[in-house]
Amino acid sequence: MNYICFPEANSPSKKTFLMKMGHFISDLLVLFVVGAFMALVLNLLQVQRNVTLFPEEVMATLFSSAWWVPPCCGTAAAVVGLLYPCIDSHLGEPHKFKREWASVMRCIAVFVGINHASAKLDFANNVQLSLTLAALSLGLWWTFDRSRSGLGLGITIAFVATLITQFLVYNGVYQYTSPDFLYIRSWLPCIFFSGGVTVGNIGRQLAMVIILSPHKYLLFGTA
């Protein structure tokens with residue numbers, strides 16, 4: 001993540017570097033923990049509704065989830081969360097729409113609701129469910145983001161994550177019941193899109209933290 005530092009004249013650059021690194025590492029850890037925790041909770045919901053099927057030895061574990069799911073999702077969340085404010089900075093379009101933690105928490109709640117709907121709602125076919133979740137996902141982006149970079153990154157994340165999931169299912173790592181989009185459910189890209197927007201909002205909010213040092217260093221995230 002890129003930052004802009006505004007030190008006073010003749011201030012030591014080493015202290016500036018340490019401040020930036022400390023802030024970067026703290027953002028990284030927060031995003032990783034959030035991603036890993038959400039992966040456990042949401043994946044457990046999918047497993048309980050028999051939407052996602054893991055091998056029998058995995059189902060016997062405490063969380064009914066493969067050991068690699070939380071760290072992989074945590075790493076992905078860290079990368080995506082740091083990427084959003086970085087892209088905003090490079091495009092010269094700082095994101096200022098609803099930049100407060102209350103809005104971020106509401107965004108997380110809506111994302112959890114979309115994931116819950118994918119497992120709980122009963123439709124005549126998967127196409128109707130996919131269209132409904134697509135509308136909800138775009139509504140989440142419009143309500144909590146509205147940026148072109150957020151939309152583009154969300155679509156890119158959905159595309160890449162869908163390809164990776166197709167590869168994992170094809171190789172028998174796990175599987176989906178009633179697949180209708182090659183090896184997966186057709187609504188899964190909607191979950192990836194809304195998840196990317198949600199994690200991106202968390203990353204942007206973390207990047208907006210202002211640190212004031214004893215020597216009057218102001219460190220602003222470029223979100």
Side-chain angles (χ1 to χ4, degrees), residues 1-4 23-39 42-43 69-115 118 130-131 133-168 181 184-209 220-223:
M1 188 190 311
N2 293 331
Y3 293 93
I4 300 175
H23 193 56
F24 174 82
I25 293 173
S26 65
D27 287 357
L28 193 69
L29 290 175
V30 169
L31 289 165
F32 179 87
V33 171
V34 169
F37 177 75
M38 291 180 65
L42 300 179
N43 187 65
V69 171
C72 286
C73 292
T75 301
V79 172
V80 171
L82 295 175
L83 187 61
Y84 264 74
C86 182
I87 295 297
D88 291 340
S89 175
H90 283 292
L91 292 178
E93 299 177 355
H95 189 260
K96 299 178 180 179
F97 181 71
K98 290 189 176 181
R99 293 269 51 87
E100 66 272 347
W101 279 111
S103 177
V104 173
M105 297 306 296
R106 287 193 293 269
C107 183
I108 294 174
V110 173
F111 169 62
V112 173
I114 292 174
N115 197 288
S118 69
S130 299
L131 292 175
L133 294 181
L136 291 174
S137 299
L138 287 174
L140 180 143
W141 167 79
W142 180 256
T143 304
F144 299 104
D145 191 320
R146 296 191 187 183
S147 66
R148 292 178 298 174
S149 59
L151 180 63
L153 278 172
I155 294 173
T156 302
I157 291 164
F159 177 75
V160 173
T162 299
L163 286 181
I164 294 174
T165 305
Q166 294 275 19
F167 176 79
L168 293 175
F181 180 43
I184 65 174
R185 294 285 189 93
S186 56
W187 45 258
L188 196 59
C190 303
I191 301 298
F192 291 139
F193 174 84
S194 56
V197 172
T198 301
V199 173
N201 274 347
I202 298 173
R204 282 167 166 167
Q205 190 64 32
L206 289 171
M208 288 187 68
V209 174
F220 294 87
T222 56

Colleague: Which heavy atom of Phe193 sits nearest to which heavy atom of Gly154, and what is that distance?
Modeller: CD1-C, 3.3 Å
Colleague: I'd like to check Leu42 versus Val112 (side-chain heavy atoms, cut-off strictly below 4.5 Å). Are they in contact?
Modeller: yes
Colleague: Is there side-chain contact between Thr162 and Leu188, with heavy atoms separated by less than 4.5 Å?
Modeller: no
Colleague: Report yes if some heavy atom in the side chain of Phe192 is under 4.5 Å from a heavy atom in the side chain of Thr156; otherwise report no.
Modeller: no
Colleague: Between Ala77 and Leu31, what is the shortest heavy-atom contact and its length?
Modeller: CB-O, 3.5 Å
Colleague: Grab the two heavy atoms, one from Cys107 and one from Thr198, that are nearest each other, plus how far apart they are.
Modeller: SG-OG1, 3.6 Å
Colleague: When you compare the side chain of Phe111 with that of Ile191, does any pair of heavy atoms fall below 4.5 Å?
Modeller: yes
Colleague: Decide yes or no for Ile87 and Leu153: does some side-chain heavy atom of the first lie under 4.5 Å from some side-chain heavy atom of the second?
Modeller: yes
Colleague: So, Asn201 side chain and Phe144 main chain: donor-acceptor pair closer than 3.5 Å or not?
Modeller: yes
Colleague: Walk me through whether Leu151 and Trp142 qualify under side-chain contact (heavy atoms from CB on, under 4.5 Å).
Modeller: CA-CA 9 Å; Leu151 180 63; Trp142 180 256; over 6 Å; no
Colleague: Between Ser137 (side chain only) and Leu133 (backbone N and O only), is there a donor and an acceptor less than 3.5 Å apart?
Modeller: yes
Colleague: Is there side-chain contact between Glu100 and Met208, with at least one heavy-atom pair below 4.5 Å?
Modeller: no
Colleague: Please give me the minimum heavy-atom distance between Cys190 and Ser130, naming the atom from each residue.
Modeller: SG-O, 3.8 Å
Colleague: Using side chain to side chain contact (heavy atoms under 4.5 Å, CB included) as the criterion, point out the one residue from Leu28, Val104, Asp27 that pairs with Leu206.
Modeller: Asp27
Colleague: Of the non-hydrogen atoms in Val69 and Ala39, which two are nearest, and what is the gap between them?
Modeller: CG1-CB, 4.2 Å
Colleague: So, taking the atom named CG in Leu83 and the one named CG in Asp88, what distance separates them when rounded to the nearest 0.5 Å?
Modeller: 9.5 Å
Colleague: side-chain contact (heavy atoms from CB on, under 4.5 Å) for Val199 and Val34? Distances and angles first, verdict last.
Modeller: CA-CA 9 Å; Val199 173; Val34 169; 5.9 Å; no
Colleague: Measure the spacing between OG of Ser194 and CG of Asp145 and express it to the nearest 0.5 Å.
Modeller: 12.5 Å
Colleague: Suppose the criterion is salt bridge (Lys or Arg N to Asp or Glu O under 4.0 Å): which pairs have a residue in residues 147-163, not counting sequence neighbours?
Modeller: Glu93-Arg148
Colleague: In sequence, state the C-alpha distance, the side-chain angles, and the governing distance for Tyr84 and Val197, and then conclude on side-chain contact (heavy atoms from CB on, under 4.5 Å).
Modeller: CA-CA 9 Å; Tyr84 264 74; Val197 172; 4.2 Å; yes
Colleague: Any side-chain heavy-atom pair from Ile202 and Ile108 closer than 4.5 angstrom?
Modeller: yes
Colleague: Of all heavy-atom pairs between Ala158 and Pro189, which one has the smallest distance, and what is that distance?
Modeller: CB-O, 3.5 Å
Colleague: From Asn115 CG over to Leu136 CG, what is the distance, rounded to the nearest 0.5 angstrom?
Modeller: 12.0 Å
Colleague: Does any part of the side chain of Arg204, heavy atoms only, come nearer than 4.5 Å to the side chain of Ser147, both counted from C-beta?
Modeller: yes
